[in-house]
Amino acid sequence: MNYDTETKMMEGPEPPPATYAAIVWQQFRKNRPAVFGMWCVIILFLLATFAPLICMNQPLYFASNGRVSFPVFQSLFNRNIWENSVDIFFNLLLVLSPVYLLGLFLAKGHRLWLGARLPVLHFLLFLCILPASIFGWKNPLYIQKPIIQYDVLLQNAHEQGRNVRAIFPPIPYHYRQTNPNISGDPPSRQHLLGADKQGRDVFARMLFGTRISLTIGVVAVSIYVAIGIIFGALAGYFGGMIDLVISRLIEIMFCIPTFFLILTLAAMVERRSIFHVMAIIGVTSWPEVARLVRAEFLRLKELEYSQAALALGLPRRRVIFRHLLPNALAPVLVTATFGVAGAILIESGLSFLALGDITVPSWGELLNQGRLEQKIWLIMYPGLAIFFVVSVFNLVGEGLRDALDPRLRK
Amino acid sequence: MVGQDPPYIYGIISAKKVLEQKLPSAQALFLPIPRRILFGIPHLALSKPESPLMMEPAQRVSGKWNAMRSYILKRLLIMIPTFFGISVIVFIIINMAPGRPGTLRQTGDVGAYMRGEQTQESVRIFREQFDLDKPVLFNARFAITNEEILALLQKIPSNSKVANMERIHAYERLQDDGYYIIPQLIHAMRTARDITLRDTAVYFLRTNSQRMIPYPKAETAAQQEANHTVSIENAMLSNWRYQPESPEETKQQIIAKWNAWYDEHQGRWQYTTAGKLRMFFGETRFAKYWRNLLHLDFGVSLVTRQPVMQTMVSKLKYSISLSIISLLLAYLISIPLGIFSAVRKDTATDRVVTSSLFMLYSLPSYFVGTLLLYFLSKGSDYPRLRWFPTGGWSSPDSMQLTSLGQIKDIGWHLMLPILCLTYGSLAGLSRYMRAGLLDVIRSDYIRTARAKGLSERVVIFKHALRNGLLPILTLLAGLLPAVLGGSVIIETIFGIPGMGLWLIDSIYQRDYNVIMAEALVSALLTLVGILISDLSYALVDPRISYK
């Protein structure tokens, strides 16, 4: 009895999956909490992307004297409203999301392939635009227009009896919009989660804080995974002197407490931006990944297929990156998923200690305000948000770990 | 069965050797080598020189201790380069970062460097005292060229067309290069066509020619004599100055004095190769720091001027009591909890325990700490829940209490922080414990033990537990340094004046010596933690020997 018939007898008509990714995916799908976590992550990303449609002080639709405009969309790249690049990234995603969704819909057979590559594609697109956007070169994404106060406009129009129609998003506040009159107000019907010390809507800050947390997690982890893979692959594949040096380096980095290093670095950077925080987390957390990749490479390079690849005359670079690396990535994937949760925790911790970026809406900063002012809505909501995101990523990480572990397969 | 080791493991010369040299050993083929031992533990090898079963018990023990002693010694020796590497990395990070203590940027007043001589002088002395004027790792100041200094000097006068920032940088460099650039300054003074440039050079000549006293703790007469010579020269040189608006004659007189002085002492700046080498490696911040470190001197805090070591000892009691108690509690609760939920895998109780541990694991401790303070402390909005103080180590009036009362008072203050510190490590540890034990329970030898008809209790507690403890022991290495840095946030929230709070404060104030000392001590603790966890590996697992 071969494997096929055996599984058919056990599982019914479903044929055994062919590729490794498919096997892992099938295992992962059986783990209900992990799938729940994955959906939560997807929803969080959607919330982060579509945040301006939910919560913004510009109307979605504005009609005055028969002239119709859509101010939210017109202001998506207005530098006077969106200062930091994280917002620009997500706004770009918001604008391009129909295209991406269409692509996913049309490419039915390649959905997994495309789904894995779209974020990379988008990130590259963003990177191309980023320098131009920052330095204000001629660029469709660099717009500086005065901010129109639509609520004031609307009020004036109503007083004058003009016919003006405006549809605001459900929460008509921006996360940077301050209102001294509501400073430190508890939750009310206007401000669902209350207001902070500067009189900013907490709901808006929480929602846009999702963007910050997710970006921090993903970018910081990508940085250190990249560094770790390079170091680990070099050490594991070449061995000898390179291995010795890199192993010593890994050992040394292991002995320096990471949070300590991050604190020191963060305090040393003048005018910290959120990207500094990402880079700091990125350059301090790579040893774990490097160690994993090195161990995998030590194992893999002895296997016949890598010898065969070399014997076929493939260049070393190709053997390392196309033949060995994909097989060494499984444990890294798990570490990275847990790492996202860790990075989010570290960033909130830094903001909590007032060592983060003060210009971005970070949950940790809200929590710190709550602690200093003893306001429960400033403690509860950001704290729960951090807890939720961290546990969701941990769920996914655990699911992945179990799915990748062949001993747990039934 | 635990006392008797499976004989086939010791029957082999060295499993590692067999694997390396591919000796055709029939036994090797049947040797069940756990992957953990081959790949997991770097410095311990799975081997025994000869079968300990053949030895007398007393001989066995002493042989083991001898091996252990030499193994520990070896590990301690390996620690030295690692520790050095750590100190290099941390030192570079701390010192290369912008924002330095005692610079113009902190004293403010950018343009008035000539007028505000007093503050400039104090900044210079401050920087010199703490070696902040020295380069960080390598000192190549013997190679500074005349042109370089001239270019810097040109940026200084307030009528020069450079940005303020650049002027500050130039000023800082000229100030920090100190005694090394006297020849270049003299050259600039002699050759400068521009009068302001010449005056600037004379200004820097005066400040830079001041030397530190060579023997601050002079004991012999010769040393006192040397000190005296230097201070006399310092006093003389510090008088050779003029205001920009003084008459040209006075200026020329002073310049002539400088010229004569330099011609007399020119030899001081002609370095031999050995001297250059000594300067390149020796006269740096790093070398000075290590020189002090070898005398177990962590230097002086730049803020409080107290010796770092002394302050650290006084702070240690807070942090250590906090973390030792919470660590003990975490281990005491997590091991039984992990065993419990591993044994009852897939039952309802296991699910409850596992999921609540998962929740605890994901709860950030600063959130929990803040919540606890909000609800349960003296400042709480709910009068019935005002059980605990709002923070600190003890009540202000605790000195009047009896010693038992003081202990009670401290315990009362520590309740919440310990709770916060414990639950986080507790959750992690129990999850590891459960996973580790499950891993072991799945293995073949447990199946064998069960097949032999041993009771479940014996199987779990005598066969599985020791191996299941291994992963939790590795964690010890990471938990030990948490004594210092791990409780930064908790100490901040609860206002406990321990190492963590001190660290954060010194980071805010750029107190280099304190940061460095904390980094080195926690790195040392990590190294010791790794050693302890490796040793305890060997204690738990008799198959591992010291080599």
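This is a predicted model, so every value here is computed, not measured. Within every chain, numbering begins at 1; the chains are lettered A, B, ... in the order of the sequence lines, protein sequences first and strands thereafter.
- With a 4.5 angstrom heavy-atom cutoff, Phe375(B) touches chain A only via side-chain atoms.
- Residues Gly349(A) and Tyr366(B) approach most closely at N-OH, 3.3 Å, considering heavy atoms.
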For side chain to side chain contact (heavy atoms under 4.5 Å, CB included), just list the numbers for Cys255(A) and Ile530(B), CA-CA rounded to whole Å, side-chain angles, deciding distance to a tenth of an Å, and then say yes or no. CA-CA 9 Å; Cys255(A) 290; Ile530(B) 293 173; 4.3 Å; yes
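- Atoms CZ and OG, on Phe259(A) and Ser522(B) in that order, are 13.0 Å from each other to the nearest 0.5 Å.
- Contact detail for Glu518(B) and Phe260(A): the closest heavy-atom pair is CB-CE1, 4.3 Å.
- For Leu249(A), the part lying near chain B is the side chain, with the backbone staying farther off; criterion is any non-hydrogen pair under 4.5 Å.
- Interface check for chain B: of the options Leu265(A), Leu298(A), Leu263(A), Val389(A), the most heavy-atom pairs under 4.5 Å are formed by Leu263(A).
- With a 4.5 Å cut-off on non-hydrogen atoms, Phe393(A) does not touch chain B at all.
- Both the backbone and the side chain of Leu384(A) come within less than 4.5 Å of a heavy atom of chain B.
- Distance check, rounded to the nearest 0.5 Å: CZ of Phe254(A) to OG1 of Thr82(B) gives 13.5 Å.
- Here Leu353(A) is the residue among Leu395(A), Leu353(A), Thr264(A) with the most heavy-atom pairs under 4.5 Å with chain B.
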Return a table of donor-acceptor pairs under 3.5 angstrom between the side chains of residues 499-506 of chain B and protein atoms on other chains or two or more places apart.
from: Ser506(B); atom 1: OG; to: Trp502(B); atom 2: O; distance (Å): 2.6
from: Ser506(B); atom 1: OG; to: Leu503(B); atom 2: O; distance (Å): 3.1

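- Using a 4.5 Å cut-off between heavy atoms, Ile493(B) contacts chain A through both its backbone and its side chain.
- Taking both residues in full, the closest heavy atoms of Asn394(A) and Ser362(B) are given as ND2-OG, 3.2 Å, listed atom of the first, atom of the second, then distance.
- Proximity to chain A (any heavy atom under 4.5 Å) is shown, for Leu363(B), by both the backbone and the side chain.
- Across every non-hydrogen atom of Pro364(B) and Ile386(A), the tightest pair is CG-CG2, 3.7 Å.
- Summarising the geometry, atom CG belonging to Leu345(A) is positioned 9.0 Å from atom CD1 belonging to Ile489(B); distances are rounded to the nearest 0.5 Å.
- The side chain to side chain donor-acceptor pair (under 3.5 Å) check on Thr370(B) picks up nothing, with sequence neighbours excluded.
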